[in-house]
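Note on naming: letters A, B, ... go to the chains in the order of the sequence lines (proteins, then strands), and numbering restarts at 1 for each one.
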Amino acid sequence: MLDIQTIREKTDLVKQGIQNKNVQIDFEAILKLDQARRDVIAEVEVLKHDRNVVSKDVATRKRNKEDASDLINKTREIGQRIKVLDDKQREVEAQLHELLLQVPNLPHATTPVGMEASENPVVKEWGTRYQPDFKLLTHLELGDSLGLFDFPRGTKIAGPGFPLYTGHGAKLERALINFMLDFHVDKHAYTEVLPPVVSNAKSMSTTGQLPKFEDDMYKIPQDELYLIPTAEVPVTNIHQGEIIPEENLPIRYCAYSACFRREAGSYGKDTRGFLRLHQFNKVELVKFTHPDNSYDELEKLRRDAEDILEALGLEYRVIELVTGDLSFAAAKCYDLELWAPGEARWLEVSSCSNFEDFQARRGAIRYKPGAGGKVQLLHTLNGSGVATPRLLVALLETYQQADGSVLLPDVLGPYMGSAGLHLK
RNA sequence: GGAGACGUGGCCGAGUGGCUUAAGGCGGCGGCUUGCUAAGCCGUUGUACGUUUUGGCGUACCGUAGGUUCGAAUCCUACCGUCUCCGCCA
């Protein structure tokens, strides 16, 4: 959510930012409601002040056993007018709030202006292309022959897009999750959390999934819960409504969770194998930072995610999202993409975003300056560190051998245990 | 799932319709004292919104949302949460 005061005082700047994000917003309606709200507050507060003054007189007279019926009649009338104005204020504020929840975050000044994903600049490339002289197999062919997963049976159990991992495939999936969690905890000083995989409407609203993207999520109407599309939701809401002492910042969490996405409207795209799923596993990084250094923290966050890919020896590139490709809540975002040799294409495995105070305002997440002074909104950031399905794809395809086996990188040794690194 | 108890500031805790501008204590902050030492004394204390001549002024907030009343922390209703006991359960 944007600050209504910013919208009021820097209207042109806000309009330009939203336009760069390629979103249509009726700011005139917002400003009109804002004015109406302030008018009604000014009016009702005068009345409430009057009522408080007269009520005190009533109390004094009653104590002195004097008659107060004239004053009581007077305040009765004031009270009725207050009730009408209170209702009006409630209504206007509800309308205004509803509109404000629809407004996306503004892009940061350093985010390149552009309308389409094809304009996203590549800002970094790492690693060397895996080009052996035998014919490369896809992860599906490898998984099939090695018995790592069973898509037909996953479909039988739940439906397409719900993967069933089997044997060493299940072991490898678990190994990757544990490897990434340990890496971020031990090398990057994140605190591990294991959150609920459902969240309520309030939490979904904090991070920006609601109200706009309700149809993208799995709902449990009986209990008014949603399956989380990312651990960002429960983890960011850990500090919802809290005031954090400045000296505790930055707070860094990493969390494994299963993620659930309906992927409505994307049928037909990437339906094969692991490229797009309704349920997948992800290790997520979430930071709560001081507003002054959130952009430094974004660079570090991205670096933390890159470290995982480098430790696994996988070729990747980093792209920076242009304003029009930025997600609803983000002010700036990097995507990390892995090269999948069998698929012969780049696969997005991580998005690292700074939301500035957008989520913090929706969730009332604030910090108290150490030197005293006003409580202020902090900045939230998050990034995948990273999502497993496409990581698994790139890993299997990059480490495949001429005989159809897969020789995994040494860093996974402690995690594969008796299954070993050579899948054959 | 059933029965009961409870929800007040950073924390403890008083308050059952107006003397509350939420007592008192703890903690925090500032100052004084440095001859009573494991201290004492004085002052201060949250959040949001509106307004502002930037000094302030005003309004709201006692789990949440409504309601009754001239007036609600206090009375009523619903919901949420916590605790205890019973049932069920990995």
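Here the separation of B:G7 from B:C62, taken at their C1' atoms, is 10 Å to the nearest Å. Nucleotides B:C86 and B:C70 are separated by 49 Å at their P atoms, to the nearest Å. As rounded to the nearest Å, B:C41 and B:C57 have P atoms that lie 31 Å from one another. Here, B:U74 and B:C19 have their C1' atoms 16 Å apart, quoted to the whole Å. For the C1' atoms, the distance linking B:A14 with B:G24 amounts to 7 Å, nearest Å. The gap from the P atom of B:G46 to that of B:C11 amounts to 15 Å, rounded to the nearest Å. Separation of the C1' atoms belonging to B:G2 and B:U77 is 22 Å when rounded to the nearest angstrom. Taking atom P on both nucleotides, B:A73 is separated from B:A65 by 14 Å, rounded to a whole Å.
Nearest-nucleotide mapping onto RNA chain B: of A:Thr60 and A:Lys56, the residue sitting toward the 5' end is A:Thr60. For the pair A:Ala42 and A:Val53, both in contact range of RNA chain B, the more 5′-proximal nearest nucleotide belongs to A:Ala42.
Of the N and O atoms on the side chains of A:Gln5 and A:Arg8, not one donor lies less than 3.5 Å from an acceptor on the other residue. A donor-acceptor pair shorter than 3.5 Å can be found between the side chains of A:Asn354 and A:Ser294.
At a threshold of 4.0 angstrom between heavy atoms, the contacts of A:Arg61 with the nucleic acid are absent. Among the protein residues, A:Arg8 comes within range of the sugar-phosphate backbone only, with heavy atoms under 4.0 Å from sugar or phosphate atoms but none that close to a base. At a threshold of 4.0 angstrom between heavy atoms, the contacts of A:Val54 with the nucleic acid are absent.
The distance from atom CD of A:Glu45 to atom P of B:U51 is 9 Å, rounded to the nearest whole Å. Atom CG in A:Asp223 sits about 16 Å away from atom C1' in B:G81, given to the nearest Å. Look at CG on A:Asn52: it is 14 Å from C1' on B:C61, rounded to the nearest Å. For the pair A:Glu224 CD and B:G81 P, the computed distance is 11 Å after rounding to whole Å. Note: CG (A:Leu85) to P (B:A60) measures 14 Å, nearest angstrom. Rounded to an integer number of Å, the gap from CG of A:Leu47 to C1' of B:G58 is 13 Å. Atom CD of A:Gln5 is separated from atom C1' of B:A48 by 13 Å (rounded to the nearest Å). Atom pair A:Leu377:CG and B:A48:P shows a separation of 9 Å (rounding to whole Å applied).
In this structure, A:Lys219 pairs ionically with A:Glu214, as a charged nitrogen and a carboxylate oxygen lie closer than 4.0 Å. Ion pairing between A:Lys332 and A:Glu356 fails under the 4.0 Å rule for side-chain N and carboxylate O. Ion pair A:Arg61/A:Asp70 flagged as a salt bridge, since at least one NZ, NE, NH1 or NH2 atom sits closer than 4.0 Å to an Asp/Glu carboxylate oxygen. Looking at A:Glu306 and A:Arg303, a side-chain N of the basic residue comes within less than 4.0 Å of a carboxylate O on the acidic one, giving a salt bridge. Salt bridge present: A:Asp86 and A:Lys48 bring a charged side-chain N and a carboxylate O closer than 4.0 Å.
Ring geometry for A:His188 versus A:Tyr190: interplanar angle over 60°, hence perpendicular rather than tilted (30 to 60°).
A syn base is found at B:G55: its glycosidic angle is within 90° of 0.
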message = Reading 5' to 3' and counting Watson-Crick or G-U wobble pairs with both distances under 3.5 Å, write the dot-bracket notation for RNA chain B, | for bases paired outside the strand.
response = ((((((((.[[[..)..(.....]]]((((((.......))))))((((((....)))))).[[[[[..)....]]]]])))))))....
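The 12-atom threshold is exceeded at CG of A:Asn64, counting heavy atoms of other residues, nucleotides or ligands nearer than 6.0 Å.
Relative to the side chain of A:Lys368, the nucleotides B:U47, B:A60, B:G50 differ in distance, and B:U47 lies closest.
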task = Start with the C-alpha gap between A:Leu2 and A:Leu100, add the side-chain angles, then the distance that decides, and say whether side-chain contact (heavy atoms from CB on, under 4.5 Å) holds.
result = CA-CA 7 Å; A:Leu2 299 182; A:Leu100 286 175; 5.7 Å; no
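Between A:His49 and B:U59 there is a side-chain N or O to OP1 or OP2 distance below 4.0 Å.
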request  = Mark up nucleotides 63-72 of chain B, 5' to 3', with B wherever a protein heavy atom is under 4.0 angstrom from a base atom, S wherever such an atom reaches only the sugar-phosphate, and - elsewhere.
outcome  = ---S-S-BS-
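For residues 194-226 of chain A, the ring-ring contact (aromatic ring centres under 6.0 Å, His included) pairs, not counting sequence neighbours, are A:Phe213-A:Phe328.
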